[in-house]
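Being a predicted model, the structure only gives us computed values, none of them experimental.
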Amino acid sequence: MARCVQSVQEFIQDSFVPMVAVLCSEEAERVTRKNNLNFAELLRPFCRLTSEGHIRDPNNQVQTVKNLRICVNKLVASQNTTSAVLGPTQRQLLSEVVLSCQPQDGAVTNMITVGGYQLNFNATTPWFEAYRENFLQSMPASDHEFLNYFLACLLVVSSTEAVPVEQFLKLSQEQHRVQHSGEYTNPKWFIPNTLKYYVLLHDMSEGNEHRADTVYEDMKQRYGPQGCYLLKINSRTLSTGEDEQIPDPWSQYLHRNNLHNQVSSLAFSTSNNHFVNILLDTASSSGSLNNLSTVNSDVKRGARDTESLVGGAGSHGICLTLNDHDHIRQFIQEFTFRGLLPHIEKNIRQLNDQLVSRKGLSRSLFTATKKWFGGGKGPEKSINEPKSTCGLLYPPEAPELQIRKMADLCFLIQHYELAYSCYHTAKKDFLSDQAMLYAAGALEMAAVAAFLQGGAPRPYPAHYMDTAIQTYRDVCKNMVLAERCALLSAEILKSQGKYSEAASLLIKMTSEDSDLRSALLLEQAAHCFINMRNPMVRKFAFHMILAGHRFSKAGQRRHALRCYCQAMQVYKERGWSLAEDHINFTIGRQSFTLHQPENAVIAFREILANDSRQTATQQGAFLREYLYVYKNVTGGNEVSLPQLPLPCIHSSATRVYFGHERRLAEGEKQAATHVSLDQEYDQDLAAMWRHLEEQLVAAANRGLVPGNFQPTQSCLNSHTDNLRHPFAVVEGKRSSARLRLLPHRTGQLNIVGVVYNLAGPLPGDMDFILFIGQQMMDMMVVHGKQDLRIQGPRLNQTKEDKMLIRHGPDRRLEPIITPPMPLMEVFFLQFPTALLCGEVRKAYVEFCNVSSVPLCGLRVASTHPDFFTFGSQATTPLTPVSPASSENCSAYKILATPHQLGSVTSEILVSPEDFNQPSGVIEIPIDGCTLQPGESTQLPLWLRGPDQEGVHEINFLFYYESTEKGIKISHRVLRHKVFICASRSLSVQASVCHSSIPPPNCGLDDKDCSGALVFIDVENINTSDAAVREFLIVQVSSSSQNWCLHKCINPAKDKDCKLTSRERAKLCFRATRCKPREDTVERYTFADLNLGNEQIVSSSTPCGDFFFRCCQNSQRVNVVSSSCKSQGSLSTENTVSDITNIVKKCNELDLNIIVIWKAYVIEDNKQLILEGQLHVALQAIGKEASSLTPKQEATEMVLLKFKSELPPPAILPTVELSQLIKTNLQYPETYSHPFVQESLCVVPVTLTLSNCSLAHVDVIIDLRHKSVSPVFLEVHTSFTWVGQTQYKLQLKPQEMLSLTLQACFLKPGVYNLNTLRVFAKPADQDAMCETSQQIASPALIIINNA
């Protein structure tokens, strides 16, 4: 702890002094009020005795009382109870005490050097001493101790009273009523028979001195010479007061408690006029702070004019002379030596006699045994209180309390040996009764008494104090008493050099309930660490930081600033950058708040000058503070442009943007995003944009990219190619950049530096904003400049470049200004941000030429070409061309008169060239292919939601040229990026199997009559969007070069296909091969089967566009995946290539299914109808396909092989070989036979064999096989095939062959005829390839008895 002005003995003695009350008549108050003081304040500077007093103990031994101080307070009664915590007003008063005590300029400081640290800190902490003194002297009177109880009462009456004796009688009766009536809980009195000392106050300036002497003589006869006193004051007249300078001894006592007394008086002055109804004056008394919590603002306002306020206008003691000072000092000594000390001595003897007579022990406590006062009456326990708590109440006559009362009396008169004995004895009794509050108090005072014993061999019992603190804090929950105990113990430990123990004790007393107390104790703990024999510098600094933080929370900004400044000496330039930033920032803010802007600028500059490890948000806060403080320091009167520490411009990171300031979107329009300086450079994105631009340039130049092609770089930075001069255009507007330039003529422009205003918003601290009040501005600006010197990339091409450090040029700040070029802006209307997967939505795009030059060659490329389409002149339906007329209009081309439900309405041949552009670049169809200056046009744009759910980033690159050729800039591009959130809609799973039954009107010899069954499972997987009510499948279309849907088998004609959440529908269609065409042009056949009341033309925009776009995308994916697979399995495929080629075409199928749906959505209490389409590509028979995009799996790493290995064994395609032959049994479903007449029943059965491959196939038919499959066990198997039971045939490619078989039955029943086995292999392969063909579904026949 810091060095104190008082010694520890003086500090403890002044903390516990005899308490004396003062009760004055109104006339006596008027006499003392002439000096701007009340009577208690008048006596306060003279309450310390300058001579020694003497007292005899119960053993008749003389004890010397040295340097005794008494505390005189005005008697004020109240009914408030004591509290274990400080109230808000008490906290405020203590805070004001600390705030009013600040370190003085030129105060004594300590300079120490420890381990390279040179520290300078305050030698004393008077603010802590002021806090401690006010806290201890304002301790409320408690029931477990008597140290703050009144021992005597001064009854003061003026000599100008008509009958002074009657006034004394009234005052005596009033004191007796306050003490014994039981109406008041405060103040508390030490003994029932309180000493009453009668004081006759005589005003020399206006009273009759002879009458005063006469009254005083009568008083001595009535009260005795030891019980009364005549005090003469106010000897000074106004005429003599002008020349004589009288000292003011009251200022040092009243000034430090000025605000404290003001608030106290304000709180108390609004009570009744009866003086016993107001609280005690709290300047240095007990029981005061506890009662201040009842103060409110109305009380304060009503008491501002009270005449009892101290520290008001005028000085104190203006009517007193130096002789009057001597009279007051003599009065205090007379009262103490002749009244108070004899009264205390008398009561000590009486208490000793009472205790000895009650216990039957020896006459003197000095000769008593260790079991003094044992037994006797026990304490009264409060209701519902367990014995182990502090809720115990002793009656006033309990021996334990009498011992404590005697111990407190001995302690107050400095008889510490006898006090320790009594405390020690009382402690044992209290502990045996589990009266923890009383025991803690006895332990505390026993430790203090043991320490104060002069020359005693007994050591200081620190464990007593530790136990007392723990009991107060944890058991009794009384932080006020725990804090007092900690303050006493820490001071004692410090005086013994035990700084480590003192610091630990102080740190333990910190808590969240009081920031001020925690701050003061942490600061004292820091001083303990630095005052140790081996100073702990970092602990000192750390706890100073903690103390500063708590000071700041408590509103003590000056003390917080001081703590941070002292801690900064340890952290500065030691590598603790984050801690240093925090300290500097706090110092800067506190300095500015305390009107020290120069110091604040220095602190903030320290933060900004060094490399920071702070986050961007924190650095921004530092910058805002610095700008505001710097602006306030300079006042905006800069003589020359200063070199500011910020911004620290990294020239190599300079970005240059070439473009114009784009218009903001209006209404529902969405402007194209293009490029901005805020976008970070991404190499992958740059490559993507370059690839798209190359596609556009190639499309505009007959498929070739010019040799001098350079990708457009609208924003240059350190990662771009800056070896060439960039091009900028002479504009009619300012070019948009962070530093905006306005080029007026062509040529080369060099940018060498910037002159700027550094600005930042005000800090968000509300205290800071309230502080500056109406002077708060939106932006704080500091004028400065920076030079731009960009160092190019290091050269590393030649040997000299590698040996030396050379850098190439960087031309990003040296643009070449070219003649005007066209400039286009793009706006999107009704462009959605969320779509269902596969949803088709119609939007509009507006192209605006905002330059003075016409543009042409408008094209667009995208990373997702399957997401949108502009349509074409040949396939675009007649739909509204403006957004205003497009409400409730379908995006599809619809025929109003549908054909028969479930049958093919039309088959249309379409060429892919009508929809696709081979290069992937889309030419935007604008009228006249030219957009004149200032002209704009709107085009419809169809969008389709991605097939995969999630958020998708879609990039557009628009390309346009000038109609004038041969200029330096050949074209311009405009970028646009959108994010589309795709939600689940429908899941379509499709599969195809061969149809064993030939289509109608088809003979066995017709090879082109093969058919297939298409099964489509549609499931509503939209579970998260509650607004989507249901989906309706309105049409299923097919597109293929070889196949087409022919007829809908399921659902039936009278049923619709509606799906709510998680519902699934199974659709079945018959597909047939398309008729062969003579021309060789690639054409797709679109077949539409409508399931609703309208037909959608799938071969027109947008259905056909999205179909071909998705097909191209899936083909690219398939090519990539197949190439990846071929790398690892090349040798295996070569081994079985012959067999694979044979059976491959057996299952080949090129049939694309388009499922068109409608979704009914409720939005804003309105029903909306959404449309969409899903695509399923069926590539092989028996292989299921899905509309959902499969997740790409990571390619497996292939290990390098340095030695040739044997090829793996050939794996035959068993699944494909088992599908070479399809079988079909034709027989009557029921057959009646008279078994009674003829026991054998023979039924003819026709077996049809179909060769599904394009090769000759050897077939073996075995009729002797008996099925053991569990599927067929429930039907009869007791039949046999008669006649030829094994056949060996060869079928030509796609040949159909029928065999007539005979089945023989012995009894009626249900039989499964499908028991035969069919084996097949390619004709040119060996027997190893012979494979059993897949078994068809059960063929059941019912045999009846006729």
Side-chain angles (χ1 to χ4, degrees), residues 13 16-21 49 53-65 68-73 75 141-155 172 175-176 178-180 187-198 223-224 226-228 286 334-359 361-366 368 372-373 376 394-423 425-426 438 441-442 445 449:
Q13 288 178 4
F16 303 99
V17 295
M19 305 291 297
V20 178
L49 302 182
H54 299 85
I55 193 171
R56 292 183 178 273
D57 60 22
N59 280 345
N60 209 26
Q61 299 291 327
V62 178
Q63 298 291 331
T64 303
V65 181
L68 179 65
R69 186 177 72 89
I70 64 174
C71 183
V72 180
N73 287 317
L75 176 61
S142 178
D143 294 333
H144 78 289
E145 62 183 12
F146 303 92
L147 294 170
N148 290 332
Y149 285 24
F150 282 114
L151 283 166
C153 182
L154 298 179
L155 306 179
S172 177
Q175 187 278 331
H176 186 274
V178 171
Q179 180 178 357
H180 297 287
K188 297 183 181 296
W189 304 89
F190 211 104
I191 54 179
N193 187 17
T194 302
L195 171 64
K196 298 177 182 177
Y197 197 81
Y198 301 88
Y223 306 119
Q226 293 82 15
C228 58
S286 65
E334 285 290 327
F335 164 71
T336 304
F337 291 152
R338 304 184 62 181
L340 182 61
L341 290 181
H343 178 71
I344 294 176
E345 178 182 345
K346 174 184 175 182
N347 280 278
I348 290 176
R349 290 180 177 274
Q350 289 179 356
L351 288 172
N352 182 66
D353 294 341
Q354 292 176 7
L355 293 172
V356 171
S357 62
R358 286 185 182 182
K359 302 302 178 182
L361 299 178
S362 61
R363 187 68 181 169
S364 172
L365 286 175
F366 277 46
W372 283 351
F373 315 119
Y394 287 95
E397 67 277 2
E400 293 83 359
L401 288 188
Q402 302 303 316
I403 297 175
R404 176 59 197 256
K405 186 178 294 186
M406 182 175 175
D408 289 343
L409 282 176
C410 295
F411 189 89
L412 292 175
I413 61 170
Q414 303 175 10
H415 197 337
Y416 300 118
E417 184 177 358
L418 181 56
Y420 175 78
S421 300
C422 294
Y423 284 133
T425 303
Y438 295 89
M445 297 311 299

Exercise. Would you call Met406 and Gln402 a side-chain contact if the rule is heavy atoms closer than 4.5 Å?
Worked result: no
For this session: Calculate, to the nearest 0.5 Å, the distance between atoms CG and CE belonging to Asp408 and Met445 respectively.
Result: 6.5 Å
Problem set entry | Approximate separation, where rounding is to 0.5 Å, of Ile55 CD1 and Ile413 CD1 | 3.5 Å
For this session: Please tell me if the side chains of Asn148 and Ser142 come closer than 4.5 Å, counting only heavy atoms from C-beta onward.
Result: no
Exercise. Do you know the tightest heavy-atom contact between Phe150 and Ala21?
Worked result: CD2-N, 3.3 Å
Problem set entry | Any side-chain donor near an acceptor of the partner, Tyr394 and Asp143, under 3.5 Å | no
Exercise. Distance-only, no hydrogens or angles: does the His415 side chain make a donor-acceptor pair with backbone N or O of Thr64 under 3.5 Å?
Worked result: no
For this session: Specify the closest pair of heavy atoms between Gly339 and Leu195, including all atoms of both residues, with the distance to one decimal.
Result: O-CD2, 3.4 Å
For this session: Begin with the C-alpha distance, continue with both residues' side-chain angles, and end with the deciding distance and a verdict on side-chain contact (heavy atoms from CB on, under 4.5 Å) for Asn73 and Val20.
Result: CA-CA 6 Å; Asn73 287 317; Val20 178; over 6 Å; no
Exercise. Any side-chain heavy atom of Arg56 sitting closer than 4.5 Å to one from Gln63?
Worked result: no
Problem set entry | Test item: Thr425 and Ile403 side chains (from C-beta on) under 4.5 Å apart, heavy atoms | yes
Seminar exercise, completed: Residues passing the side chain to side chain contact (heavy atoms under 4.5 Å, CB included) test with Ile191, sequence neighbours excluded, are His343, Asn347, Lys405
For this session: Please assess Asp353 against Leu351 for the test side-chain contact (heavy atoms from CB on, under 4.5 Å), listing each intermediate value before the final yes or no.
Result: CA-CA 5 Å; Asp353 294 341; Leu351 288 172; over 6 Å; no
Exercise. Considering residues at least two apart in sequence or located in another chain, which fulfil the ring pair (Phe, Tyr, Trp, His ring centres under 6.0 Å) criterion with Phe146?
Worked result: Tyr149, Phe190
Exercise. Closest approach of Ala449 and Tyr423, non-hydrogen atoms and distance?
Worked result: CB-CD1, 4.3 Å
Exercise. Shortest non-hydrogen contact from Pro58 to Asn352?
Worked result: CB-ND2, 3.6 Å
Problem set entry | Under the ring pair (Phe, Tyr, Trp, His ring centres under 6.0 Å) test, residues paired with Phe16 that sit two or more places apart | Phe411
Problem set entry | Which residues share a salt bridge (Lys or Arg N to Asp or Glu O under 4.0 Å) with Arg349, sequence neighbours left out | Glu345
Seminar exercise, completed: The ring pair (Phe, Tyr, Trp, His ring centres under 6.0 Å) partners of His54 (sequence neighbours excluded) come to none
For this session: Only counting residues at least two apart or in another chain, list the ones meeting ring pair (Phe, Tyr, Trp, His ring centres under 6.0 Å) with Tyr420.
Result: His424
Exercise. With a 4.5 Å limit on heavy-atom distance, are the side chains of Ile348 and Asp57 in contact?
Worked result: no
Seminar exercise, completed: When rounded to the nearest 0.5 Å, the distance separating CZ of Arg404 from CG of Leu409 is 11.0 Å
For this session: Drop me the distance from Leu355's CG to Cys422's SG, to the nearest 0.5 angstrom.
Result: 8.5 Å
Problem set entry | Residue pair Leu49 / Phe337, side-chain heavy-atom distance below 4.5 Å | yes
For this session: Taking side chain to side chain contact (heavy atoms under 4.5 Å, CB included) as the test, write out the residues that go with Gln175, two or more places apart.
Result: Leu23, Cys153, Gln179, Trp189, Thr194, Lys196
Exercise. Taking C-beta and beyond as the side chain, do Ser172 and Leu155 meet within less than 4.5 Å on heavy atoms?
Worked result: yes
Seminar exercise, completed: Nearest heavy-atom approach of Leu68 to Leu412 is CD1-O, 3.8 Å
For this session: For the residue pair Pro396 and Leu401, establish whether any side-chain heavy-atom pair is separated by less than 4.5 Å.
Result: no
